[in-house]
Amino acid sequence: MEAKQRGNQQIDLQHGESHSHSPTYQAVLRAGPRVRPLQQAHAQIVVLGKHCNLALLTKLLTLACAAGSITYTRRLFLTVSKPDSFLFNSLIKGSSKFGFPYDAVWFYNRMLLADISPSNYTFTSVIKACADLSALRLGRSIHSHVLICGYGSDSYVQAALVAFYAKSSELSVARRLFDRIPEKTIVAWNSMISGYDQNGFSREAIGLFYQMRELGVEPDSSTFVSVLSACAQLGAIGLGCRVHDYVVSNGFDVNVVLGTSLINMYCRCGNVIKARNVFDLMSERNVIAWTAMISGYGIHGYGREAMELFGQMQTRGPRPNNITFVAVLSACAHAGLIQEGRRAFADMKQEYGLVPGVEHHVCMVDMLGRAGLLNEAYQFVKELNPGELTPAVWTAMLGACKMHKKFDLGVQVAEHLLAVEPENPGHYVMLSNIYALAGKMDRVELVRNMMIRRGLKKQVGYSTVEVDQKTYLFSMGDKSHPETDEIYRYLDDLMLRCREAGYVPASESVMHEVEEEEREYALRYHSEKLAIAFGLLKTSLGMVITVVKNLRMCEDCHSAIKYISVVCNREIVVRDKLRFHHFNNGSCSCLDYW
DNA sequence: CTAGGGTTAG
């Protein structure tokens, strides 16, 4: 064995190739993360009989992985006779870093089979792979390997574990682990904050951020990204602006990720102008940044601006991808840009070779349906492959039927949906609304009863409004607020003034409320009306009121708010589940098209 | 002989 090693070394020395400056090693480095040049370098290695040089092979394999060819990497790996821990660690890290989590796990298993002990470095990478796979069971067992091998207090491993449990929706486990870390690194904090954010617990994410600040821990750009995302979800522009100020005044570099996060926050908090400012100032803009900005215009109904930016992207920006086209098509749908939408859908397939998915189909049906082109929308649906006829597509078709009062087709579609997704309360609500519009009140009652019998409840609607950087939450008929009496009195008075100005409340028949109590409160006290009343009470003239609602707005509220904007002479902005409505002087930016 | 980890955007 010793003799053999020495022998190899002698050969290497002969060729002068035993260290990193050898021509072969240089050839591998020059090849970089590109498959073809790597194959050539590999050929050279084989020809020179250097296929036993592990250092060389490790570099080659790492680059093959970085080149994105996991098949080539694996093929090369099988030619290595005695892989060592260094090679395994490099491979596991590379596969998990470059998006091959399955392979990372596979290499990890090979490592164990080869009886090579994993190190803390091994664990960080393989745990990340488990996180990417949301592979809870596997991750748990690797967690126990960690403890057995004595790496339970390695700070890198701990942060990776926190992120892993959070990504596997085990937030309480993640939190318990996090709490037990005596010296929390900034990455541990970030893992927990982003864990909350990614699971929709925006308030918890922000709460933990405040806790971290109180302990004097300095945030970094990754912290900001998660906090801004939480602000975006909540519509918390106050905190969002403060984070932005902090970033700028402390000289943080607004990199492409942070910039995109800011764009998203400003767009979803209602300030597209500031979002565009950030976009224009960014030194690097990738496809995600462009898509975020286009999508931002889209949700505000600024279809022209969205298409203008998309045009620029096509001529001098990064190549649009599937998600870009979701943003483009939905912008077209919200703004009624039918020609542009049809064109984009065709370009997506023909010019860019992209395959439309469910979301694109939904956008198309939605776009055509809203515009009243019901036949074309229906034709579009019928031309889809059976596998593409998802409930989401039918739901879009149903929305169009309801909007344009296509009774027969609407009932047909709704009944189909009820059969496929009997547990989705939204379908019942739609069907009952369609019956109500057709004046078939007995049917309305029937659907309502069916819903009750199946124990289904309409999703609870709530709205939030920010006053003095604090957000207040209201739900329908809510009386939990300490100033409830004042708010209700003010709202009643306000609606009276709206009626005098010509507002006609929607008839009760079009409202679908399951509980008796809800019916009583429904019209007058929908959550957005309460939130707006509170906002008007607490802010001075000239201040814009911004409300965030978790569901779509009903037509009655939409009409009422138009009147409120007149009688109070206020600009009111409402973000509903899908888009923004800017109410001013009695009209809405969506032009009643939403 | 060879590097070095975990967190972050649409």
Side-chain angles (χ1 to χ4, degrees), chain A residues 5 8-9 12-13 17-22 24-25 28-29 50 52-63 84-87 89-90 92-94 96-97 119-129 131 151 154-164 166-167 178 181 184-195 197-198 205 219-230 232 254-265 267-268 275 278-279 282 284-296 298-299 318 320-328 330 359:
Chain A
Q5 266 184 1
N8 271 345
Q9 209 168 29
D12 286 348
L13 285 171
E17 288 161 0
S18 71
H19 20 328
S20 61
H21 300 294
S22 75
T24 341
Y25 195 82
V28 173
L29 284 186
K50 303 198 48 167
C52 290
N53 186 331
L54 263 182
L56 201 54
L57 289 173
T58 301
K59 194 74 209 168
L60 182 72
L61 276 139
T62 312
L63 285 169
D84 62 355
S85 73
F86 201 101
L87 177 58
N89 282 339
S90 302
I92 294 167
K93 189 184 79 184
S96 99
K97 182 174 168 191
S119 72
N120 42 356
Y121 288 97
T122 322
F123 284 123
T124 50
S125 301
V126 77
I127 292 166
K128 176 181 156 50
Y151 292 114
D154 181 288
S155 66
Y156 289 84
V157 175
Q158 287 172 329
L161 281 168
V162 169
F164 157 70
K167 281 190 184 154
F178 173 77
I181 302 177
K184 298 173 179 62
T185 62
I186 183 63
V187 181
W189 283 98
N190 292 344
S191 298
M192 197 63 234
I193 293 172
S194 86
D197 171 60
Q198 287 167 346
D220 68 4
S221 66
S222 177
T223 323
F224 298 135
V225 169
S226 297
V227 172
L228 288 168
S229 160
V254 179
N255 62 28
V256 64
V257 180
L258 183 51
T260 305
S261 201
L262 282 165
I263 290 172
N264 184 44
M265 183 277 292
C267 286
R268 298 191 51 194
V278 173
F279 180 81
M282 282 164 71
E284 181 202 346
R285 295 182 208 102
N286 59 16
V287 60
I288 306 179
W290 282 83
T291 303
M293 195 61 234
I294 292 170
S295 150
I299 59 173
N321 63 19
N322 274 298
I323 303 175
T324 312
F325 277 99
V326 174
V328 168
S330 90
E359 283 167 302

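By convention in this document, chain letters (A, B, ...) are assigned in the order of the sequence lines, proteins followed by strands, and residues within each chain are numbered from 1.
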key: Distance in angstrom units between A/D84 CG and B/dC1 P, rounded   = 12 Å
task = Starting at atom CD of A/Q158, determine the distance to atom P of B/dT7, rounded to an integer number of angstrom.
result = 14 Å
message = Given B/dG5, B/dA3, B/dG10, identify the nucleotide with an atom nearest to the side chain of A/T291.
response = B/dG10
inquiry  = Heavy atoms only, 4.0 Å cut-off, all strands: where does A/V326 land among base, sugar-phosphate and nothing?
reply    = nothing
inquiry  = Using 0.5 Å steps for rounding, measure from the NZ atom of A/K167 to the OG atom of A/S194.
reply    = 6.5 Å
inquiry  = As a test of reading the structure: which of B/dG5, B/dG10, B/dA9 is closest to the side chain of A/Y156, going by heavy atoms?
reply    = B/dG5
inquiry  = Closest approach to the side chain of A/V187, judged atom by atom: which nucleotide of B/dT7, B/dA3, B/dG5 is it?
reply    = B/dT7
query = Does the A/S261 side chain pair with the main chain of A/V257, one donor and one acceptor, at a distance under 3.5 Å?
reply = no
inquiry  = Using side-chain heavy atoms (C-beta onward) and a distance below 4.5 Å, is A/V157 in contact with A/L161?
reply    = yes
message = By the 4.0 Å heavy-atom rule, please label A/S155 as base, sugar-phosphate, or nothing.
response = base
inquiry  = Applying a 4.0 Å non-hydrogen cut-off, can you work out what A/V287 is touching in the nucleic acid: base, sugar-phosphate, or nothing?
reply    = base
task = Take the protein atom OH of A/Y25 and the nucleotide atom P of B/dT2, then report the distance between them rounded to whole Å.
result = 7 Å
query = Is a donor-acceptor contact shorter than 3.5 angstrom present between the side chain of A/T124 and the base of B/dG4?
reply = no
task = Tell me which nucleotide among B/dT7, B/dG10, B/dT2 gets nearest to the side chain of A/A55.
result = B/dT2
query = Do any side-chain nitrogens or oxygens of A/S194 fall under 4.0 Å of OP1 or OP2 in B/dT8?
reply = yes
query = Within a reach of under 6.0 Å around CD of A/E359, are more than 12 heavy atoms found that belong to other residues, nucleotides or ligands?
reply = no
A/N264 side-chain N/O to B/dG10 phosphate OP1/OP2 under 4.0 Å = yes
ask   = Can you tell me how far P of B/dA3 sits from CG of A/N120, to the nearest Å?
value = 18 Å
message = Under 4.0 Å, counting only non-hydrogen atoms across every strand here, what does A/S229 touch: a base, just sugar-phosphate, or nothing?
response = nothing
query = Any side-chain N or O of A/K93 less than 4.0 Å from the OP1 or OP2 oxygen of B/dT2?
reply = no
query = Which whole-number value in Å describes the distance from A/F123 CZ to B/dG4 C1'?
reply = 16 Å
query = Below 4.5 Å, heavy atoms only, C-beta onward: do A/Y121 and A/K93 meet side chain to side chain?
reply = no
note = Of the listed B/dT8, B/dA3, B/dG10, the closest approach to the A/N321 side chain comes from B/dG10
task = Starting at atom CG of A/L161, determine the distance to atom P of B/dT7, rounded to an integer number of angstrom.
result = 11 Å
query = Ring stacking, A/W189 with base of B/dT7, under 5.5 Å and under 30°?
reply = no
query = Could you state the CG-P distance from A/L29 to B/dC1, rounded to the nearest angstrom?
reply = 16 Å
message = If you only use heavy atoms from C-beta on, which nucleotide in B/dT8, B/dG5, B/dG10 is closest to the side chain of A/Q198?
response = B/dT8
query = Contact class for A/K167 vs. all strands (heavy atom < 4.0 Å): base, sugar-phosphate, or nothing?
reply = sugar-phosphate
inquiry  = What I want to check is whether an N or O donor and acceptor connect the side chain of A/T260 with the base of B/dA9 at under 3.5 Å.
reply    = yes
key: Check: A/T324/A/N321 side-chain N/O donor and acceptor closer than 3.5 Å   = yes
inquiry  = It should be established whether A/K97 places a side-chain nitrogen or oxygen under 4.0 Å from OP1 or OP2 of nucleotide B/dG5.
reply    = no
ask   = With no angle test and no hydrogens, is the base of B/dG4 tied to the side chain of A/N89 by a donor-acceptor pair under 3.5 Å?
value = no
inquiry  = From the set B/dG6, B/dA3, B/dG5, return the single nucleotide nearest to any side-chain atom of A/D154.
reply    = B/dG5
key: Closest listed nucleotide, where the reference is the side chain of A/V257 and the choices are B/dA9, B/dT7, B/dT2   = B/dA9
key: Distance, rounded to the nearest Å, where A/I263 contributes CD1 and B/dT8 contributes C1'   = 15 Å
key: Polar side-chain atom of A/S229 near backbone of A/V225 as donor-acceptor pair, under 3.5 Å   = no
key: Proximity to the side chain of A/S295 - top-ranked nucleotide from B/dG6, B/dT8, B/dG10   = B/dG10
ask   = Can you find a donor-acceptor N/O pair under 3.5 angstrom joining the side chain of A/S191 to the base of B/dT7?
value = no
